There are 2 protein chains.
Amino acid sequence: MSSINEVAKLAGVSKSTVSNVFSQKRPISKEVSERVLQAARELNYKPNYMARSLAVKQTRIIGINMPGERAKFSQFHLSLLNGVLSECYEKGYRLLVNTLSADFKEKVEFIASDPVDGEIILDPTEENDKRVEDRMNQGIPFVIVGKPPKIFETAISYVDNDNFAIGTQVTNYLLSLGHVRILFLNAPEYRTVSKDRYQGYKYALTSAGLSNDSLLVSFLDERKTSAEFGYERTKAVLESGSNVTAIIADSNKMASGVYRAAEELGYRIPEDLSVISFSNESSYANILNPPLTCIDLNAEMLGKEATKLLLENLEDKNSIVKRIIIPSEFVERGSCRKANE
Amino acid sequence: MSSINEVAKLAGVSKSTVSNVFSQKRPISKEVSERVLQAARELNYKPNYMARSLAVKQTRIIGINMPGERAKFSQFHLSLLNGVLSECYEKGYRLLVNTLSADFKEKVEFIASDPVDGEIILDPTEENDKRVEDRMNQGIPFVIVGKPPKIFETAISYVDNDNFAIGTQVTNYLLSLGHVRILFLNAPEYRTVSKDRYQGYKYALTSAGLSNDSLLVSFLDERKTSAEFGYERTKAVLESGSNVTAIIADSNKMASGVYRAAEELGYRIPEDLSVISFSNESSYANILNPPLTCIDLNAEMLGKEATKLLLENLEDKNSIVKRIIIPSEFVERGSCRKANE
DNA sequence: CTGTTAGCGCTTTCAA
DNA sequence: TTGAAAGCGCTAACAG
């Protein structure tokens with residue numbers, strides 16, 4: 001790899017001239033410019049990324065940070081990631097996926113900071129999320145996908161769905177079909193989304209004049225896959241004779257577990273049991289039989305907007321704290337219908 | 001952000017001492033060491049990634065490169081990515097997703113090289129893949145997932161499935177069930193995988209004494225989604241009265257299109273039509289009705305092994321060119337059966 | 001329009 | 001066991 005010095009020498013100019021030929025930060029005569037480009041081509045010169053970053057104190061890399069011990073992407077994350085990528089791609093930024101384990105980081109107390117200008121934080125927890133605290137302290141620019149810990153809610157930019165409204169919406173929908181025994185198979189309890197949606201569910205139910213006895217919720221136990229969880233809970237509840245006539249599932253996969261349990265027990269969907277799900281992986285929802293009615297969370301849009309927000313933040317230092325609410329869409333397919341009298 | 005100089009000053013030592021306290025590359029007295037650590041803590045010091053990389057000429061970042069205009073991950077890529085991440089994570093490497101468009105790169109003719117030590121190249125094309133040529137010329141370490149362009153086959157390390165064998169295997173399986181009119185809904189024609197699998201298919205068919213007339217193949221037209229393609233081709237072929245009794249689909253999604261077409265035309269699977277697919281997204285394959293028989297390509301393993309290979313390459317300069325063949329697994333579910341007499 | 005000179009924050013000789 | 005100084009490859013401020 002040849003350096004800027006060699007190019008300068010070969011072209012017979014100073015290195016600042018070479019630098020400026022590429023950056024175009026100051027006018028260079030056509031003649032000199034040609035000579036430099038020629039030399040660069042001959043030497044197969046490419047500017048060194050690290051050296052440049054060190055000098056300008058900026059990397060044009062953003063990071064995406066997943067929680068938990070193992071960095072694993074789910075279907076939802078995949079769509080979100082696609083949104084992030086497409087935006088990075090347009091703006092000429094690169095994307096670094098955070099893959100260093102917490103373990104590893106703690107062992108090496110003074111590990112180097114990530115080589116990023118800013119970060120997108122996924123799946124925050126409601127209380128003390130160490131990741132956001134750290135970044136607040138260190139003054140690293142970041143945005144959150146989801147809702148920040150309460151204490152920071154007005155201090156951090158984030159993009160999220162309106163999960164309370166979503167919880168209310170699906171519940172009201174089911175209520176309007178005459179269901180009153182509605183089981184909510186929710187995300188893990190510590191996640192902010194699951195709380196918000198649960199509140200929405202509760203609000204809809206009590207607003208409809210139903211008592212607290214009507215609240216039927218289970219939070220995902222992460223030792224199980226969501227499909228297993230959907231299957232087991234559904235089976236247990238249906239067998240317990242609790243008269244549940246509708247189920248809200250957190251994800252398409254969880255819903256597939258619900259379908260399986262229903263089939264095994266001889267419940268027909270939607271005749272005997274209505275099912276609705278958050279998140280909409282259309283190819284997945286469509287091959288379920290009957291096709292699954294969903295709330296589309298617009299994961300790709302979440303990723304895209306989060307990225308926009310972050311880049312805006314990076315490029316305009318006095319940009320303000322914003323929260324962006326991404327609309328969700330109700331996608332009616334064939335898994336819900338009027339409750340039997 | 002405080003720098004090594006400030007730490008050195010506060011601790012009353014030279015910066016090389018500070019550096020060595022962290023890197024432990026030379027012995028430092030306990031006493032001094034304590035003092036430095038204390039100072040670092042006070043100043044909330046974190047080594048600067050870029051500066052360090054510049055000095056050591058190594059980034060501990062690897063890149064993953066997707067082809068095409070838009071960086072978009074599919075289900076298969078997702079599993080693969082998970083494999084890559086888990087390996088990075090263990091070895092303390094970071095992962096950079098290549099998101100700069102070809103457009104953008106060409107406009108800026110001398111764009112800076114990526115800040116990576118090496119790269120994983122996905123989905124190579126059979127002939128002149130510009131990405132691999134570039135990296136060969138520039139001497140950037142890289143490995144390929146899939147088969148390299150022929151001219152480079154012995155010069156580049158790669159990990160792949162044995163796609164010829166896989167093509168043969170599924171075809172022989174179908175043959176053994178008595179099918180002789182087998183439609184192959186393949187990946188795009190320019191992909192190396194699709195050629196290899198097609199050769200395997202052909203080999204099995206001709207080995208069984210069938211003439212070339214029995215070769216029925218369609219390559220994915222990428223203007224369509226694979227589900228659409230599966231649907232349309234199946235419908236067209238079934239309606240044309242070509243007596244097809246079995247279909248090999250490139251992906252689970254494509255197979256879902258096949259299912260839909262079959263249902264519309266009143267063909268029952270597997271009674272009237274056997275379906276088998278490459279790639280195995282178990283949650284997806286299982287909710288198809290009947291569950292889809294697949295060849296599991298072990299995407300996660302592909303990613304993991306590719307990463308291992310690359311890191312091995314980076315850390316041991318005289319490591320050799322290797323090719324690693326990842327085993328695939330035959331997963332029998334309910335979508336194939338004996339052909340009707 | 002172009003060259004010279006300092007850094008950016010770290011690691012790595014070379015001396016002591 | 002420690003310090004001083006040079007340098008990684010680039011950009012930026014200042015001169016001219």
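Below, chains carry the letters A, B, ... as their sequence lines are ordered, and counting in each starts from 1. Given the structure is predicted, the values throughout are model-derived calculations rather than measurements. Values reported hereafter were calculated over all heavy atoms of this structure, with side chains retained and with hydrogens, waters and symmetry mates removed.
- Glu34(A) places its CD atom 15 Å from the P atom of dC1(C), with the value rounded to the nearest Å.
- The interatomic distance linking Lys30(B) (NZ) with dT2(D) (C1') rounds to 19 Å, in whole Å.
- Across every non-hydrogen atom of Phe142(B) and Ile121(B), the tightest pair is CD1-CG1, 3.7 Å.
- One interatomic measurement links the two molecules: NZ of Lys9(B) to P of dG9(C), which rounds to 13 Å at whole-angstrom precision.
- When the salt bridge (charged side-chain N to carboxylate O under 4.0 Å, His left out) test is applied to Asp160(B), no partner is found at least two apart in sequence or on another chain.
- A salt bridge does not link Lys130(A) with Glu133(A): every distance from a Lys NZ or Arg NE/NH1/NH2 to an Asp or Glu carboxylate oxygen is 4.0 Å or more.
- Note that CD1 of Ile62(B) is 4.0 Å distant from CD1 of Ile120(B), once rounded to the nearest 0.5 Å.
- A side-chain donor-acceptor contact under 3.5 Å links Glu153(A) and Tyr158(A).
- In this model, the phosphate group of dT2(D) is approached by a side-chain N or O of Ser29(B) to a distance below 4.0 Å at OP1 or OP2.
- Comment: Glu119(A) does not engage Arg131(A) in a salt bridge, judged by the lack of any side-chain N to carboxylate O separation of less than 4.0 angstrom.
- Contact annotation: Thr17(A) reaches the phosphate of dG3(C) (side-chain N/O to OP1 or OP2, under 4.0 Å).
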Nucleotide N/O of nucleotides 9-13 of chain D paired with protein N/O under 3.5 Å:
{"unit_1": "dG9(D)", "atom_1": "OP1", "unit_2": "Lys57(B)", "atom_2": "NZ", "d": "2.7"}
{"unit_1": "dG9(D)", "atom_1": "N2", "unit_2": "Ala51(A)", "atom_2": "O", "d": "3.3"}
{"unit_1": "dC10(D)", "atom_1": "OP1", "unit_2": "Tyr45(A)", "atom_2": "OH", "d": "2.8"}
{"unit_1": "dC10(D)", "atom_1": "OP1", "unit_2": "Asn48(A)", "atom_2": "N", "d": "2.9"}
{"unit_1": "dC10(D)", "atom_1": "OP2", "unit_2": "Ile4(A)", "atom_2": "N", "d": "2.3"}
{"unit_1": "dC10(D)", "atom_1": "N4", "unit_2": "Lys15(A)", "atom_2": "NZ", "d": "2.2"}
{"unit_1": "dT11(D)", "atom_1": "OP1", "unit_2": "Arg52(A)", "atom_2": "NH1", "d": "3.2"}
{"unit_1": "dT11(D)", "atom_1": "OP2", "unit_2": "Ser19(A)", "atom_2": "OG", "d": "2.5"}
{"unit_1": "dA12(D)", "atom_1": "OP2", "unit_2": "Lys25(A)", "atom_2": "NZ", "d": "3.4"}

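- Checking Glu34(A) against Gln38(A) by side-chain atom types alone, no donor-acceptor pair falls below 3.5 Å.
- Taken over five-pair windows at either terminus, the axes of the helix from dC1(C)-dG16(D) to dA16(C)-dT1(D) are inclined to one another by 40° (rounded to 10 degrees).
- Here the C1' atom of nucleotide dG9(C) and the CG atom of Leu43(B) are 15 Å apart, to the nearest Å.
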task: Starting from the C-alpha separation in whole Å, work towards a yes-or-no answer on side-chain contact (heavy atoms from CB on, under 4.5 Å) for Asn298(A) and Leu302(A).
output: CA-CA 6 Å; Asn298(A) 263 323; Leu302(A) 282 167; 5.5 Å; no
